[in-house]
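What follows is a short report on a single structure.
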Amino acid sequence: MSRQFMKGNDAIVVGALQAGCRAYYGYPITPASEIAHAAAMHFPALGGTFIQAESEIAAINMVYGTAGMGIRTMTASSSPGFSLKQEGMSYIAGAELPCVVVNVVRGGPGLGNIAPEQADYFQVTKGGGHGNYRLITFAPNCAQEMCDLTVLAFDLADKYRTPACLMADGFTGQMMEPVEVPLAKEVPYDHTSWAVAGTPETSKNLISSIYLESNDLERHNLKLDAKYKEITANEVRYEEYLCDDAELIIVAFGIVSRIVYSTIDEARAAGKKIGLIRPITLWPYPSGIISQHAERDVQFLSVELSTGQMVEDVRLAVNGRAPVHFYGRCGGNVPSGDELLAEYDRILEGGRS
Amino acid sequence: MKIVEKSLSFYKEFERKSGPHKETTHYCPGCGHGNVHKMIAECMDDLGIRDRTVFVSPVGCSVFGYYYFDCGNIQAAHGRAPAVATGIKRANPDSIVISYQGDGDLAAIGTAETIHTANRGENITVFFVNNAIYGMTGGQMAPTTMIGQKTTTTPRGRMETVHGNPIRMAEIIATLPAASYVERVAIGNSKHIMKARKAIRKALENQVANKGYSFVEILSTCPTGWKMDGPDSRDWLIEEMTKVFPLGVLKDDADEREGDWYRPVKGFEPAKRDTYLGADIPDEVIEKVGLKQDLMCKFAGFGGQGILTLGLFWAQVGMRNGLHTSWIPSYGPEMRGGTANCSVNISEKRIGSPLVEKPNALVVMNQPSLELFEPDVIDGGTIIIDTSIVEGRPDTARLNAVLIPATEIADEVGTPKVANVVLLGALAAASGAFTIEQVEKTLRATIKKKNLIDMNMTALKRGWDHVKNGG
Amino acid sequence: MTETVQKDAPFIEITGELCKGCKLCIDVCPKSVIAISEKLNGSSYHPAYYTGADCTGCALCFYACPEPAAIRVVKP
């Protein structure tokens, strides 16, 4: 391990390489292009593959091909490009292939702008493509996590044979911070039971998501569902800060969680009992810890760079037992610390719901 | 004795096929797909490539290619077979990859993938089965449907002015320099079929010899979609289709390319990656610097003055002295008034927001930045101004001002470009958080052009001394 | 439904149950030694059959037939 100062977007590529990702396929888009730049520089230098595909659609299907061979592979994009990848991601989930897809979210809908938002939450966590599938989704909030969660995403994608996603934002992508670069690992995984690797031992295997008979497709869906339940039981990750005595628990992820974190000590110094729950996995969602806190006299506030998406999952977890508030900015605006502190006051004084 | 029979590259029984008939295909009577399948399977037998072949089944009637071919099978989304094939071939260049596609798949929804895969010269083999209609979805118009041909979506016949013309994919592919071999064949009669066998063999031999991208368009039939019986459909193919889609070799320079298109995976060893990324370099032992307060700095100026680099230097001074640091450039709507700016936090504690909303130190290199950011600086904070450029002066009743003609000093040192380093020296001195040796060490390690180190050290010292000696 | 043939002469075997009655083999046979059966097979097709003599073993019927296993050509 060594400590290096790097951009979040670059840290993703470093994490991918150290996780044993051997092929990167992508299409340029702001603010995710640095990931492609770094991949173009590093993958070929190490004997891996980089292709600038003709489209996001082609890129995700190249990922499908390489993932089908049992080789770690990835693509990265930003919101409009991520939308284009949805068909391929549904196929990847349906065919149970492991891969990592990064979405450095920008402002939408439509062309929107290149500034940070978190408004792809629904698309990412609820299955942006067709059919019954889920996407393991990580929400890094610093350069170190951009690296480490990429490594973890590859590991979990392999473990469950399912696509995993990093949902970042323009800030976490552009920000530079010290990163402990992890040592590279061999991929300790035997793919021969399912991959089609162009080898004699895998020549009987089939990668497919087609099940013509209704009973077969239902069985396949139930199998996927069982897998998603297992992931939900085992892979929830979150960070909790000063929640035990909190009267108001803020729920925030990504860059917003950093801003909220900065406000908490200030609020506490003024005698206000504020805490933070930061989902690190957006799917599976940390409903358990939110539900646990909802048992006592507490209020929740979801702060997002959207008009209110994750707040729905907070409400589901709270299930009517406590007030759930929402505060959001969008279009590339981020809430200032002062803005948030004023919002906390309004809620604690009962002025808003 | 010579026996011509079912190829070994077909499964003995088609167990993946639903229903009771495990030895026949799912194709309609007289359908050309079966003929093409047989020719491919025969060739896989002859070339001994079955074990390492990956057959990419697209969407269309041949979506069930994996019922039949006893090799690795990957089913692809509609039109995406060449992209999937690219991902397969790049992952294992020793595999033999067959992208088997119909006219809707290859020439309509997957046109982009088709053309760009050919344009990259992927070392794969594409078999394009053109039967001028959509079979599986119910006899709709294909991009290759003939003018006048009636389909379920051209009930009055295809018209040029409404639907465009049948598209000649082989001709289009043949214009691409990276494509090695492009031929159009047919299965209209026995002569056609014998030629088609040769073309299919050549296309696969090319791949085995790493001669690059091969494309064989095979004019085929859809008796059901065309509403004809087997022999009539073959006659119609010969009489109508070959007029619009002439048979023959459109391009063949494969023999000049032997081996050129092999893209081996050369090592990906963990140790190699560690060395390349510097993951195996042990960290220097750092004596952690204590801070009296968090350093929340904003750096602002015109783009090109090195203001963002100054922020980077400063952040790394923090990192190399054992502190938490973050650097973030102005981004999105924050970028305003023609200024470039960045926020740098240095703290003993974990850093919350990387955005510095209320700096306790501000370094400005142009007038608009002073006007824009001075009000944000907290009472008692420090403003460092390059007086060579900035005319305004801050409110000294509220703030500590460090006035330094940084650009002029830099010019004396050697070039105005090191004005940012002069300011780094000034900031380091004014902050009182680091010794000049600590800053020098970081700068030395951070500057990439080693011949410029001496000049930078001088610039740093001049900035430092300017503050320490009271200007 | 294998036909028996003269010793040492080329012949074809048509497995009637695998035939879909498309007649392409009949169309290409240079010796016109393949015909369509009046009986239906298990899949309700009138299958082709070898009339029993004069096959040259040219195998054109094999390649004209879309089915992988319906026709087998033997040339002693």
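Computed from heavy atoms alone, side chains included, the values below leave out hydrogens, waters and symmetry copies. Below, read A as the first sequence line, B as the second, and so on, with proteins coming before strands; counting in each chain starts at 1. All figures in this text were calculated on a predicted structure; none of them were measured in a lab.
With a 4.5 Å cut-off on non-hydrogen atoms, Leu18(C) touches chain B through its backbone and its side chain both. Proximity to chain C (any heavy atom under 4.5 Å) is restricted, for Phe14(B), to the side chain, taken from C-beta onward. Proximity to chain C (any heavy atom under 4.5 Å) is shown, for His33(B), by neither the backbone nor the side chain. With a 4.5 Å cut-off on non-hydrogen atoms, Asp229(B) touches chain C through its side chain but not through its backbone. Of the atoms belonging to His192(B), not a single heavy atom falls under 4.5 Å from chain C.
The stretch residues 17-39 of chain B participates, sequence neighbours left out, in no salt bridge (Lys or Arg N to Asp or Glu O under 4.0 Å) pair at all.
Among Ala70(C), Gly57(C), Cys65(C), the residue making the largest number of heavy-atom pairs under 4.5 Å with chain B is Cys65(C). Annotation: maximal heavy-atom pairing with chain B below 4.5 Å, among Cys19(C), Cys61(C), Ser43(C), occurs at Ser43(C). Annotation: maximal heavy-atom pairing with chain C below 4.5 Å, among Gly34(B), Ala196(B), Pro20(B), occurs at Gly34(B). Across Pro30(C), Ala69(C), Gly42(C), the residue that shares the most heavy-atom pairs under 4.5 angstrom with chain B is Ala69(C).
A distance of 11.0 Å separates NE2 of His21(B) from CD of Glu67(C), quoted to the nearest 0.5 Å. Separation of atoms CD1 (Ile12(C)) and CD (Glu5(B)) is listed at 14.0 Å; rounding is to 0.5 Å. To the nearest 0.5 Å, the span separating CD1 on Ile3(B) from CZ on Phe62(C) amounts to 11.5 Å.
Contact record, Pro29(B) with Cys22(C): C-CB, 3.9 Å, taken as the closest heavy-atom pair. The two atoms that bring Pro68(C) and Thr25(B) nearest to each other are CD-CG2, 3.5 Å, heavy atoms only. Closest approach of Thr24(B) to Lys20(C), counting heavy atoms only: CB-CE, 4.3 Å. Contact between Pro66(C) and Cys31(B) at its shortest, heavy atoms only, is CB-O, 3.3 Å.
Using a 4.5 Å cut-off between non-hydrogen atoms, no part of residues 96-109 of chain B approaches chain C.
In this structure, the side-chain contact (heavy atoms from CB on, under 4.5 Å) partners of Lys2(B), at least two apart in sequence or on a different chain, are Val4(B), Lys75(C). Taking the salt bridge (Lys or Arg N to Asp or Glu O under 4.0 Å) definition, one finds that Arg197(B) meets it with Glu42(B), sequence neighbours left out.
At most 12 non-hydrogen atoms from other residues, nucleotides or ligands lie less than 6.0 angstrom from CG of Asp54(C).
Of the possible donor and acceptor atoms, none in the side chain of Asp27(C) sits under 3.5 Å from a partner among the backbone N and O of Pro231(B).
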